[in-house]
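Before any comments, here is the structure.
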Amino acid sequence: MPVSRFMSSDAIRSTFSAAMSAMYRDEVPAYGTLMELVADINAATLEQQPGLRASLEATETLDRISEERHGAIRLGTEAELAMMRRVFAVMGMFPVGYYDLSEAGVPVHSTAFRPVGEAALKINPFRVFTSLLRLDLITDPKLREAAREILGRRRIFSEGAVMLVEKAERDGGLSPEDGERFVAEVLGTFRWHEQASVDHALYERLHAAHRLIADVVSFKGPHINHLTPRTLDIDAVQDQMPRRGIVPKAVVEGPPSRACPILLRQTSFKAIEERVLFPDASGALAGGSHTARFGEIEQRGVALTPKGRGLYDRLLNEARAKVRPAADGSNAQDYVTALQESFTAFPDNWSAIRKAGLGYFLYSILPGADLSGHAGTGIESLIEAGLVRFDPIVYEDFLPVSAAGIFQSNLGDEAVQDFAASPNQKLFETALGATVLNEFEHYAGIERASSEQCLAAARTLSAAA
Ligand code: OOG
Ligand code: NI
């Protein structure tokens with residue numbers, strides 16, 4: 001087989017996420033501390049749970065367990081979003097899911113660029129949650145036009161990056177040399193700029209409209225606002241953050257701790273205050289600050305069907321109606337209790353979750369199973385006969401409610417505002433220049449293909465017998 005002269009998109013993505021991690025640890029030292037804590041807890045968890053170690057060893061690369069799983073950026077214009085899609089495509093990352101954060105009072109809508117196939121996810125699952133600012137949600141027309149004008153003028157991609165994207169599209173890939181250059185050029189887009197592109201008065205006006213609007217409009221580029229490694233024990237990391245001198249947000253977002261993890265649990269340390277220099281009309285620089293960047297951790301469970309997701313949303317809302325977690329953590333324990341109580345209504349064993357149609361599962365034939373004589377049967381009888389096993393399909397996407405919780409806790413509690421919710425997926429996709437993959441259909445397709453494979457094997461073996 002001829003060896004490809006291209007650097008694989010998976011390799012470009014891995015190089016990129018490693019470079020981003022190094023840059024961010026350098027820019028936000030507290031993030032480096034969080035990474036150390038995560039690595040320590042992961043090591044301790046593996047030591048305490050040999051069973052977990054064995055199962056992870058069978059399915060993943062243990063030495064990379066503590067690496068980043070996702071990051072997030074916020075873009076200002078449709079053109080930026082369209083170009084970002086082409087940049088991520090070079091790294092094998094494609095838009096999955098649509099998230100309308102205006103429903104949670106945050107003036108953006110989003111997608112996640114991520115690897116889609118099982119093989120690519122395994123090599124490196126790095127995703128970037130990418131938001132587009134909704135300028136139409138700025139009510140003051142003068143401010144809206146000022147923001148539009150400022151964003152329209154900025155260029156967030158280097159000429160080198162654009163050239164290499166075009167080259168990759170033209171040639172179908174990049175050479176290893178170009179791949180390395182591409183990563184270096186693209187990394188610059190995500191860098192922090194200490195010097196703002198607006199004066200202090202305008203920053204304040206943008207900030208008063210919404211802190212996130214100031215975060216997007218006031219800077220030269222879409223600085224990475226957090227990175228998120230995977231932890232094997234999110235509660236332990238949450239507990240121990242203060243001991244390492246970092247301040248965690250009040251509660252872990254998402255479902256409670258369970259025997260059978262579902263969806264996604266996340267928490268973060270609170271965004272740090274960073275020094276910013278604001279130029280005035282004469283070009284002189286005035287000192288100020290901006291709070292946007294943080295570090296987060298995640299722990300993933302099974303992907304839920306629309307039915308499972310409906311139940312999840314209902315139970316979460318029930319718990320939050322009982323106890324609304326305060327930003328200062330004063331009622332954190334009450335919230336955890338309410339959450340746990342409410343989720344007793346969600347079955348906590350894989351078989352029950354599957355039978356109730358709440359989660360997506362991957363079916364496979366057990367080693368040594370004899371499927372002959374099972375031609376006409378369905379997947380259920382193959383499972384009952386002990387011939388086919390099922391394993392949870394991991395949720396690879398995000399949770400708008402959880403995302404909103406993360407946004408809010410890092411914007412200060414007072415930042416909760418009312419924006420009219422208007423699902424604008426079509427507009428988003430027009431800006432993007434592509435449709436987003438529907439995550440539910442995607443998981444359902446993986447599940448269907450796996451069960452069809454088992455049934456086809458039963459048919460073939462029965463015909464041969
Ligand atoms: C993105 C928040 C979404 C998550 O983990 O849910 C996210 C942002 O703050 O820009 O990353
Ligand atoms: Ni995140």
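Counting convention: from 1, in listed order, for ligands and their atoms alike.
Counted by atom type alone, Thr228 and Glu298 present zero donor-acceptor pairs between their side chains at under 3.5 Å.
Remark: the backbone N or O of Arg230 is paired with a side-chain donor or acceptor of Asn42 at under 3.5 angstrom.
For atom 10 (O) of ligand 1, the nearest non-hydrogen atom from the set Arg74, Glu296, Gln266 belongs to Arg74.
Between Arg155 and Glu159 there is no salt bridge, since none of the side-chain N atoms of the basic residue sits less than 4.0 Å from a carboxylate O of the acidic one. The existence of a salt bridge linking Lys322 and Glu318 is excluded, since no basic side-chain nitrogen approaches an acidic carboxylate oxygen closer than 4.0 Å.
Only one option out of His70, Arg69, Lys249 pairs with Glu296 in a side chain to side chain donor-acceptor pair (under 3.5 Å); it is His70.
For ligand 1, the polar-atom distance check finds no N/O of Ser131 at less than 3.5 Å from any of the ligand's N/O atoms.
Residue contacts with ligand 1 for Glu298 are absent, since no atom lies close enough (heavy atoms, distance under 4.0 Å). Contact annotation for Asn225 and ligand 1: only side-chain heavy atoms (C-beta onward) come within less than 4.0 Å of the ligand.
Rounding to the nearest 0.5 angstrom, the gap separating the CZ atom in Arg300 from the CD atom in Glu396 is 6.0 Å. Atom NE2 of His290 and atom CZ of Arg211 lie 8.0 Å apart (nearest 0.5 Å).
Ligand-side atoms of ligand 1 in range of Phe398: 4 (C), 5 (O), 6 (O), range being under 4.0 angstrom from any heavy atom. Atoms of ligand 1 found under 4.0 Å from any heavy atom of His70 (numbered from 1 in listed order, with element): 4 (C), 5 (O), 11 (O). The atoms of ligand 1 that sit less than 4.0 Å from any heavy atom of Ala72 are 1 (C), 8 (C), 10 (O), 11 (O).
Between the NE2 atom of His70 and the OE1 atom of Glu296, the angle centred on the Ni ion (ligand 2) amounts to 80° when rounded to 10°.
Under the 4.0 angstrom criterion for non-hydrogen atoms, His226 is in contact with ligand 1.
Note on His226: its N/O/S atom closest to the Ni ion (ligand 2) is NE2.
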